[in-house]
Amino acid sequence: MPSLNLLVVGDEKQLGDFEEALEGCKRYVGPIKLFSAHKAVDAVGRLQKLVQTCGQCHAALLSNHFTHPGKEEFSDTLRKVIKEKYPDVPVICWGNTKKGGDLGKHYHATLAPWPTAPV
C-alpha cells in the first residue's frame with residue numbers, strides 16, 4: 001500500500017503532539033510518512049527531501065503561525081516555494097485556524113482547531 005506523504009510545520013510546543021495525533025491515524029488511512037519542521041527555512045528543505053525520497057507530497061500541513069502572512073520568519077517564502085515549485089500540493093492550516101490568514105489566499109483548507117479538536 002502506498003504511503004500518505006505529508007509535510008508538517010508548526011511551532012515546537014505543538015508539533016510533537018500534532019505529529020503523535022497524525023501517527024495515530026495510521027490504522028485508519030494506512031502508512032503515513034511525516035516530514036516535519038518547526039522553522040520555515042527548514043520546512044523548505046524537508047519538502048524538497050520529501051519529494052526526492054517519496055516522489056510526491058500529498059499535503060503540507062502548516063500551523064496558523066506559518067499560513068498567516070508575516071507571522072513567522074520566512075513563512076511567506078515557504079508558501080511561495082510551495083505555490084511555485086509544488087503547485088499541486090494543497091496547504092492545510094491547523095492550529096488556531098481563525099488566525100491563519102485567508103482561505104483561498106494563504107491556504108486551501110483547514111483542520112478542526114488544534115488541540116481542541118475532538119479525537
Side-chain angles (χ1 to χ4, degrees):
M1 173 182 272
S3 64
L4 178 62
N5 308 318
L6 303 172
L7 175 69
V8 182
V9 185
D11 62 39
E12 286 183 272
K13 295 177 191 172
Q14 292 182 321
L15 190 58
D17 290 339
F18 189 66
E19 286 176 307
E20 190 176 309
L22 289 172
E23 290 284 344
C25 296
K26 284 183 177 180
R27 66 181 185 177
Y28 302 108
V29 299
I32 299 174
K33 290 185 181 173
L34 300 178
F35 288 73
S36 58
H38 62 270
K39 294 182 180 178
V41 174
D42 296 338
V44 172
R46 298 294 291 161
L47 176 59
Q48 291 169 339
K49 183 175 181 179
L50 186 160
V51 172
Q52 286 175 337
T53 304
C54 304
Q56 178 183 10
C57 178
H58 294 107
L61 303 173
L62 309 182
S63 81
N64 61 283
H65 298 288
F66 293 88
T67 58
H68 192 273
K71 196 74 166 139
E72 289 289 329
E73 188 177 1
F74 306 121
S75 63
D76 294 335
T77 302
L78 171 61
R79 285 193 320 279
K80 183 177 179 182
V81 167
I82 293 171
K83 185 176 183 176
E84 292 178 1
K85 291 183 102 178
Y86 307 99
D88 295 335
V89 175
V91 174
I92 300 169
C93 178
W94 64 274
N96 187 346
T97 57
K98 292 179 182 178
K99 294 184 178 182
D102 299 322
L103 177 65
K105 182 176 181 182
H106 301 109
Y107 56 87
H108 300 104
T110 62
L111 295 178
W114 178 265
T116 58
V119 178

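Values reported hereafter were calculated over all heavy atoms of this structure, with side chains retained and with hydrogens, waters and symmetry mates removed. Throughout, residue positions are numbered sequentially from 1 according to the sequence presented. Predicted model, so just to flag it, every value in this text is computed and none were measured.
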Inset, instruction - Any chance you could measure Lys105, atom NZ, to Arg79, atom CZ, to the nearest 0.5 Å? - result: 9.0 Å
Inset, instruction - Mind checking the NZ-NE2 spacing from Lys99 to His68? Nearest 0.5 Å is all I need. - result: 9.5 Å
Legend entry - Minimum heavy-atom distance Lys85-Gln48, with the two atoms named: NZ-NE2, 3.5 Å
Legend entry - Full working for side-chain contact (heavy atoms from CB on, under 4.5 Å) between Leu50 and Lys33: CA-CA 9 Å; Leu50 186 160; Lys33 290 185 181 173; over 6 Å; no
Inset, instruction - Check whether any side-chain heavy atom of His106 sits under 4.5 Å from a side-chain heavy atom of Cys93, and report yes or no. - result: no
Legend entry - Backbone of Asn5 reached by a side-chain donor or acceptor of His58 within 3.5 Å: yes
Legend entry - Spacing of NZ belonging to Lys83 relative to CG belonging to Leu78, to within rounding of 0.5 Å: 13.5 Å
Inset, instruction - Please report the closest heavy-atom contact between Val51 and Tyr86, naming both atoms and the distance. - result: CG2-CE2, 3.5 Å
Inset, instruction - Write down the atom of Ser63, the atom of Gly10, and the distance for their closest heavy-atom approach. - result: OG-CA, 3.7 Å
Inset, instruction - Determine, step by step, whether Cys57 and Phe35 satisfy the side-chain contact (heavy atoms from CB on, under 4.5 Å) criterion, reporting the C-alpha distance in whole Å, the side-chain angles of both residues, the deciding distance to 0.1 Å, and the verdict. - result: CA-CA 10 Å; Cys57 178; Phe35 288 73; over 6 Å; no
Legend entry - Minimal non-hydrogen separation, Leu103 against Ala109, with atom names: CD1-N, 3.9 Å
Inset, instruction - Mind checking the OG1-CG spacing from Thr110 to Asn96? Nearest 0.5 Å is all I need. - result: 11.0 Å
Inset, instruction - Locate the shortest heavy-atom distance separating Gly100 from Asn64; write the atom from each residue and the value. - result: CA-CB, 3.8 Å
Inset, instruction - Walk me through it: do Leu22 and Leu61 pass the test side-chain contact (heavy atoms from CB on, under 4.5 Å)? - result: CA-CA 11 Å; Leu22 289 172; Leu61 303 173; 3.8 Å; yes
Legend entry - Leu111 and Phe18, any side-chain heavy atoms less than 4.5 Å apart: yes
Inset, instruction - Give, for atom NE2 of His65 and atom NZ of Lys13, the distance between the pair rounded to the nearest 0.5 Å. - result: 8.5 Å
Legend entry - Distance-minimising heavy-atom pair for Val9 and Ala43: CG2-CB, 3.5 Å
Legend entry - Spacing of Trp94 atom CH2 and Phe66 atom CZ [to the nearest 0.5 Å]: 9.0 Å
Legend entry - Any residue meeting side chain to side chain contact (heavy atoms under 4.5 Å, CB included) with Ile32, in chain and number order, not counting sequence neighbours: Leu4, Leu6, Cys25, Lys26, Val29, Leu34
